[in-house]
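For reference, the structure discussed in these notes is given below.
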Amino acid sequence: MTISFWLLDINYEVRDDHLEIWLWGITEDDKRILLIDKSFKPYFYVVVGEDSPKTREEIISMLKETKGVESCEVKHMKRLRKEVEAIKVVCQTPLSVERCVKRLSKMRTSVEVFEHDLRPSAQYLIDRDIGPCGWYSAEVEEISLPENVRVDRAYQLLQPLKPVDRVDLPPIRALAFDVVAYDPYGSPKPETAKIVLISVATSDGGFAQFVCEGEDDREVIQQFVDYVLDFDPDILVGFESNRSVLPLLSERAERLGLKLTIDRIEGIPHTSVYGHVSVTGRINLDMRDFAEDFIEIKVKDLRNLAKFLGVKREVLSIPETEIPKLWERGEVEKLSAYSRSRAEALMDVFRSLAEYSTQLSHLIGMPLDYVVTSAVGFRVEWFLMRHAHRVGELIPSRAEVPYAPYKGAMVLQPKVGLHEKVAVLDFKSMYPNIMIMYNVSPDTYVPPDEDIPDEEVNIAPEVGHRFLKKPPGMYKAVLSSLLEARDSIRKRLKKVPADSPEYRVLDARQRVVKVLANATYGYAGWVGARWFVKPVAEAVAAWGRYVISETIKIAESLGLQVIYGDTDSVFVRYDEELVEKFCKAVEEKLGLEVRPETVYERLLFTEAKKRYAGLLPDGSLDIVGLEVVRGDWAEIAKKAQERVLEVVLKGRGREEAIKQLKELVSSIYSLEAPYEDFIIWKTLTMSIDQYKVRAPHVEVAKSLLKSGWKPTVGDKIGYVVVKGEGKLREKARFFGWASKEDLDLDYYVNHQVLPAATRVLSVLGVSEEELKRVVGEKEGPKTLMDFFQQRS
DNA sequence: GCGGATCACTTACCG
DNA sequence: ACCGGTAAGTGATCCGCG
């Protein structure tokens with residue numbers, strides 16, 4: 001029989017020394033199914049070196065007598081530019097693959113192995129060219145449900161899956177959950193914590209809450225498990241569920257003698273690659289991981305993510321350190337409202353990202369939960385591996401390569417000052433297009449020791465690396481398809497209102513494709529990449545520098561004054577006619593498309609590169625690189641700088657800017673400004689003991705650690721600076737442990753507000769000393785007496 | 001032993 | 001666990017100084 005379904009998840013099982021691929025799907029008529037494919041065997045390739053003391057035949061016979069090897073077959077493959085004869089070694093299980101590779105390495109013979117480090121489910125998806133989150137039809141035979149498997153029906157797959165041409169989503173059931181834990185000693189630890197509250201919101205509008213009433217949290221956890229099994233979600237939606245929530249729940253359950261059987265095989269969640277928690281048969285999505293894709297969100301909490309995605313619902317916020325206090329005081333209602341708002345917001349967040357994430361998974365071909373968790377480099381690599389497989393290119397195994405820096409992009413020194421009417425001319429996807437145009441790729445690179453006529457290669461400027469003009473390399477093929485995908489998304493984008501959440505999601509999606517295309521260059525220079533070839537990255541950067549310097553020459557020859565430039569853009573005095581002429585000339589001479597992306601009414605440059613602010617025609621400000629857009633400055637300083645910028649760019653003069661700054665400073669000294677505006681947020685990028693200097697946020701993290709909290713790598717530490725003697729690090733306090741009255745206001749004025757404001761005002765000739773003097777003056781009426789004195 | 005100059009470390013940004 | 005280029009603050013260290 002033939003069935004049609006949407007592929008949700010994939011995993012593998014080894015039964016009686018044989019591999020089974022398990023495909024979890026959703027059918028059109030809302031049934032959950034499991035398809036078992038017993039036809040797939042894990043495999044790897046061996047290429048025998050020319051200098052190998054052992055012949056290919058000897059190696060084949062050695063492999064054939066290794067336990068678990070099914071077959072060895074010599075296949076004609078490609079390895080970079082060369083045609084090679086590779087032994088395809090098909091094994092019974094991943095374990096037998098491992099065994100073979102170990103034997104080969106012991107032989108001390110010159111062989112290269114390929115694909116031995118791909119997990120079976122990954123190899124299956126690549127081998128069969130299947131992308132998760134898409135529709136497929138399958139020839140199947142219904143079988144009885146395997147033991148403990150919780151689906152409507154199970155099948156054995158008889159023939160390879162065939163893709164079905166439809167893009168809609170099936171009726172996905174999603175369950176969002178929020179967990180509140182109580183630990184008298186700080187961060188919830190399995191030994192001392194108890195789960196006191198779990199809120200659950202479902203895609204059909206359901207809501208439930210389980211509150212701890214007894215001695216321990218046994219019942220709460222059991223109620224949650226029962227609810228999950230009863231609702232039977234396809235997707236579990238959580239926040240920080242990978243890093244903390246699910247591990248905590250699992251361990252608590254274990255300690256209580258319970259099993260957190262929330263998957264579809266009556267097993268328990270298990271941590272797999274990249275710290276992701278797998279729940280077999282379902283997709284476990286941690287919305288915290290999504291936040292990483294949105295660079296606009298500085299402090300990546302649920303509230304900010306929801307806000308960014310246009311979620312209307314209010315997300316209540318309680319600092320982590322307050323939760324134990326509330327529970328101890330019996331303020332369950334507060335906690336319950338807080339948790340409910342989070343679960344429901346999570347559901348909303350999921351709704352607004354469902355389309356985006358599934359498209360991403362399908363486009364890259366990675367399972368949904370991995371694609372969200374994985375770093376950009378792995379997404380690029382996955383995409384490349386699928387392409388390689390299609391064209392018979394061997395996928396290299398990951399190797400350890402030492403770090404090798406190289407020269408990157410060119411950045412011009414900006415012309416300091418306030419400029420009128422400035423156009424920014426951007427190259428459209430410069431690096432990808434350079435790679436396409438000059439066919440720069442690992443499989444087109446010609447090493448220096450090879451003899452080849454000059455007319456057959458493109459030679460990179462400065463560095464001299466050579467790349468075959470023909471045939472097209474991997475990067476050219478892959479990038480062309482990505483750029484096309486982006487264009488089609490952008491066409492859809494134009495049909496959607498610009499202020500709708502849908503617009504933002506589509507926009508994010510096209511950005512992901514763009515990021516993926518742009519990351520291909522970064523991938524090429526990443527030492528961890530399977531296809532790391534330094535000359536590829538080096539050549540692309542060199543061509544980039546060539547292109548931008550030629551572009552500057554063209555601009556200047558046309559009489560356009562270049563004010564600034566960075567990597568793939570030039571800033572020029574705007575002149576409609578000249579700019580048009582310029583774009584044409586660049587395209588003609590360099591073969592790359594350049595376009596005026598924005599025209600600023602006014603633009604301010606300090607002497608620093610990568611930092612400027614411009615006034616757009618619609619009256620809004622575009623601020624780049626300055627403190628306003630940085631997440632590690634106190635809000636109060638950012639506000640001050642933004643105000644000053646607005647006044648200056650809108651031409652209201654430096655006196656007005658200084659006046660507004662004075663107002664702001666006095667609002668600091670009078671304690672009118674809200675406490676949150678004084679918090680400085682900095683990321684803990686290493687574990688605490690790895691730091692070589694005692695930075696303020698690290699000292700604060702240490703103090704948190706002392707009182708039982710466990711700040712972990714990646715956490716944003718929020719601190720304020722309080723009155724007192726000594727170094728800054730001695731005056732930094734966790735924001736939850738200080739109040740307005742403790743703040744060292746002079747620090748904020750002299751080290752936050754004034755430097756940020758001076759950065760801008762110095763362009764207009766105001767020095768920090770002058771500003772300090774002016775701002776420090778007594779301003780405005782303070783008392784009745786002052787008031788009358790001023791008027792007289 | 002002190003205080004400014006310089007270096008090193010750290011974070012976050014740009015494209 | 002994507003690249004190099006860049007700014008900027010704070011801590012750590014250097015160095016002259018009778």
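The chains referred to below are lettered A, B, ... by the order of the sequence lines, with proteins before strands, and numbering in each begins at 1.
Salt bridge present: A:Glu627 and A:Arg611 bring a charged side-chain N and a carboxylate O closer than 4.0 Å. Using a cutoff of 4.0 Å between basic side-chain nitrogens and carboxylate oxygens, A:Asp301 and A:Arg303 are not scored as salt-bridged. The pair A:Glu550-A:Lys589 does not count as a salt bridge, with every side-chain nitrogen at least 4.0 angstrom from each carboxylate oxygen. Residues A:Asp443 and A:Lys476 are not paired through a salt bridge, judged by the lack of any N-O separation under 4.0 Å between the basic side chain and the carboxylate. Note on A:Asp293 versus A:Arg379: salt bridge recorded, some NZ/NE/NH1/NH2 to OD/OE distance being below 4.0 Å.
Within the 4.0 angstrom heavy-atom criterion, only backbone atoms of the sugar-phosphate kind lie near A:Tyr612; the bases stay farther away. At a threshold of 4.0 angstrom between heavy atoms, the contacts of A:Lys514 with the nucleic acid are absent. The residue A:Val624 sits close only to the backbone: its heavy atoms come under 4.0 Å of sugar-phosphate atoms, none of a base. Contacts of A:Gly625 with the nucleic acid, taken as non-hydrogen atoms under 4.0 Å apart, involve only primed sugar atoms and P, OP1 or OP2. A:Gly377 comes within contact range of the sugar-phosphate backbone alone, with a heavy-atom separation under 4.0 Å but no base atom that close. In this structure, A:Thr685 reaches the sugar-phosphate backbone alone: every heavy-atom distance under 4.0 Å involves primed, P, OP1 or OP2 atoms, never a base.
Note: A:Trp382 and A:Tyr370 fail the aromatic proximity criterion, with ring centroids not under 6.0 Å apart. For A:Tyr719 and A:Phe734, the distance between ring centers is not under 6.0 angstrom.
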Quiz prompt | Residue pair A:Lys609, A:Asp566: steps toward the salt bridge (charged side-chain N to carboxylate O under 4.0 Å, His left out) verdict | solution = CA-CA 8 Å; A:Lys609 296 171 174 178; A:Asp566 184 352; over 6 Å; no
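A:Tyr521 and A:Tyr406 have perpendicular rings, their planes meeting at more than 60° on a 0 to 90° scale where under 30° would count as parallel. Ring pair A:Tyr356/A:Phe294 is tilted by interplanar angle, where 30° to 60° counts as tilted.
If you check residues 692-699 of chain A against DNA chain C, the residues with a heavy atom closer than 4.0 Å are A:Val693, A:Arg694, listed by number. Residues from residues 531-553 of chain A with heavy atoms under 4.0 angstrom of DNA chain C: there are none.
Side chain of A:Ser397 to backbone of A:Val113: a donor-acceptor contact under 3.5 angstrom is found. A donor-acceptor distance shorter than 3.5 angstrom exists from the side chain of A:Gln690 to the backbone of A:Ser687, with no hydrogens or angles considered.
Between A:Asp289 and A:Asn242, the side chains place a donor N or O and an acceptor N or O closer than 3.5 Å (distance only, hydrogens not considered).
Residues A:Trp737 and A:Leu704 meet the side-chain proximity criterion, which asks for heavy atoms closer than 4.5 Å. The shortest distance between side-chain heavy atoms of A:Arg595 and A:Asp426 does not fall below 4.5 Å.
If you measure from atom OH of A:Tyr431 to atom C1' of C:dC2, you get 13 Å, rounded to the nearest angstrom. Whole-Å rounding puts the A:Tyr475 OH to C:dC3 P distance at 13 Å.
Think of the region where chain A sits on DNA chain B: with heavy atoms and a 4.0 Å cut, that region ends 5' and 3' at B:dC9 to B:dG15.
Taking atom C1' in both B:dC9 and C:dC2, one finds a spacing of 23 Å when rounded to whole Å.
Rounded to 10 degrees, the angle separating the terminal axes of the helix from B:dG1-C:dC17 to B:dG15-C:dC3 is 20°, with each axis obtained from five end pairs.
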Practice problem: At under 4.0 Å between heavy atoms, which parts of nucleotides 4-9 of chain C does protein reach? Answer with one letter per nucleotide, 5' to 3': B base, S sugar-phosphate only, - none. | Solution: BBSSSS
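When the salt bridge (charged side-chain N to carboxylate O under 4.0 Å, His left out) test is applied to A:Arg398, the partners found at least two apart in sequence or on another chain are A:Glu381.
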